[in-house]
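For the single chain, residues carry numbers from 1 onward in sequence order. Any value given below was found using the heavy atoms of this structure, including those in side chains, with hydrogens, waters and symmetry copies removed.
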Amino acid sequence: MKIVIIEDEKPTARDLAKTITAIEPDAEIVKLLHSVEEAIEYLSSNSVDLIFSDIQLGDGLSFKIFEEVENHAPIIFCTAFNEYALEAFKSAGIDYLSKPFSKATVAKALEKYQKLKSTFAKPSQDFSSLIKEIERSITKKGSSIVIRQGDKIIPLDSANVALFFVENENIYAYTFDQKKLLVNEKMEQLEASFSPIFFRANRQFLINRKAVKDAAQSFNRKIVVNLQIPFKDPIEIGKLKTTEFMEWLASS
């Protein structure tokens, strides 16, 4: 059985290769591939029996590989996506490994491969629709948001977000570990998804209850919110939203 592993984290790729050969001594790991470009080049001229592929690689989503390559080998995807997003891309492969993988989960995936070996069909090629479905699956649950970094689609747990804010007409998430990340959604969509855990302080800010340290009333009857973490701009609650804010603070 010839196996290719597509994984941009080289230690992870090596660990997976060792785990596979420990479970299946007859398996031959013919290549460790670390990028979309490298995988397209190799699979365009080499046939294999089984592919283990990460979803997010340094130069893009691995689905791009299978858009370019006429691939007939079954795929076991490896992913750090939350479980509720997995059904979105499960149809493109025979199984998935949720990171961090274990010997037991790798063994289960290989067992499924052996059971299905005689009935394999060509994997779905509608990867553009698949990517859109992943984004919808991530956002529809109301606990994660989609962050784009280059070609990567990254789910960010809203519990890690202290606030969302507007800057130069873009929306950013500011995390508790003080990272600033560009968000695809509009502020109105974020408010609808994450209320009442988050409160819309004004047009610029949507704040997480856990991020609020305290609040003080200013001279103009507005409330100034102090956060648990440093942030460059003051966050004010207008006098028309003061009562709503106090009720939210008390009930959260």
Side-chain angles (χ1 to χ4, degrees), residues 1-36 38-40 42-44 46-127 129-131 133-138 141 144 152-155 157:
M1 176 171 53
K2 293 183 177 181
I3 297 176
V4 157
I5 295 174
I6 305 171
E7 168 63 66
D8 61 346
E9 296 179 1
K10 294 182 180 180
T12 301
R14 291 193 293 267
D15 287 346
L16 180 55
K18 288 179 183 178
T19 303
I20 292 169
T21 53
I23 297 166
E24 293 278 352
D26 294 333
E28 180 186 1
I29 310 299
V30 295
K31 198 73 173 175
L32 302 181
L33 303 167
H34 306 300
S35 69
V36 170
E38 190 180 359
I40 289 173
Y42 182 84
L43 293 174
S44 294
N46 295 274
S47 61
V48 297
D49 298 309
L50 178 62
I51 296 170
F52 283 80
S53 179
D54 191 8
I55 298 293
Q56 299 178 69
L57 303 172
D59 59 343
L61 294 174
S62 63
F63 297 125
K64 290 185 177 181
I65 301 164
F66 308 112
E67 284 183 311
E68 297 289 332
V69 173
E70 187 73 14
N71 173 58
H72 294 272
I75 308 163
I76 296 173
F77 284 111
C78 309
T79 179
F81 277 100
N82 290 334
E83 187 173 356
Y84 58 74
L86 295 173
E87 291 301 323
F89 54 77
K90 193 173 179 181
S91 61
I94 62 166
D95 208 348
Y96 65 85
L97 295 177
S98 184
K99 291 183 178 181
F101 59 81
S102 65
K103 187 174 182 179
T105 57
V106 175
K108 186 177 179 181
L110 288 168
E111 182 182 357
K112 186 172 183 180
Y113 164 79
Q114 295 293 351
K115 287 180 179 178
L116 297 176
K117 190 160 57 172
S118 62
T119 60
F120 289 138
K122 183 178 179 181
S124 167
Q125 297 298 304
D126 188 15
F127 290 102
S129 297
L130 197 57
I131 291 169
E133 184 60 31
I134 289 174
E135 290 181 306
R136 284 196 294 268
S137 296
I138 292 170
K141 294 291 182 175
S144 293
K152 285 191 175 184
I153 300 173
I154 304 172
D157 192 333

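- Nearest heavy atom pair, residue Leu50 against residue Pro74, reads CD1-O, 3.5 Å.
- A distance of 12.5 Å separates NZ of Lys31 from CD1 of Ile5, quoted to the nearest 0.5 Å.
- When all heavy atoms of Val48 and Ala73 are compared, the pair lying nearest together is O-CB, 3.5 Å.
- Inter-residue side-chain proximity for Ile6 and Leu43 is flagged as met; some heavy-atom pair is nearer than 4.5 Å.
- Of the residues Asp54, Leu32, Leu33, the one that meets the side chain to side chain contact (heavy atoms under 4.5 Å, CB included) test with Glu7 is Asp54.
- Using a 4.5 Å heavy-atom cutoff, the side chains of Tyr42 and Val30 are in contact.
- Ring to ring, Phe52 and Tyr113 are not that close: their centroids are 6.0 angstrom or more apart.
- Under the side-chain contact (heavy atoms from CB on, under 4.5 Å) criterion, Glu111 pairs with Lys115, sequence neighbours left out.
- Here the closest non-hydrogen pair linking Val36 and Lys64 is CG1-CB, 4.1 Å.
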Validation: residues 12-26 side-chain donor-acceptor distances under 3.5 Å, sequence neighbours left out:
{"residue": "Thr12", "atom": "OG1", "partner": "Glu9", "partner atom": "OE1", "Å": "3.1"}
{"residue": "Thr19", "atom": "OG1", "partner": "Asp15", "partner atom": "O", "Å": "2.8"}
{"residue": "Thr21", "atom": "OG1", "partner": "Ala17", "partner atom": "O", "Å": "3.0"}
{"residue": "Thr21", "atom": "OG1", "partner": "Lys18", "partner atom": "O", "Å": "3.1"}

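- Remark: Ser102 pairs with Thr105 by the side chain to side chain donor-acceptor pair (under 3.5 Å) rule, at least two apart or across chains.
- Considering all non-hydrogen atoms of both residues, Ile40 and Ile65 come closest at CG1-CA, 3.8 Å.
- Between His34 and Asp8, the shortest heavy-atom distance links the atoms O-CB, 3.3 Å.
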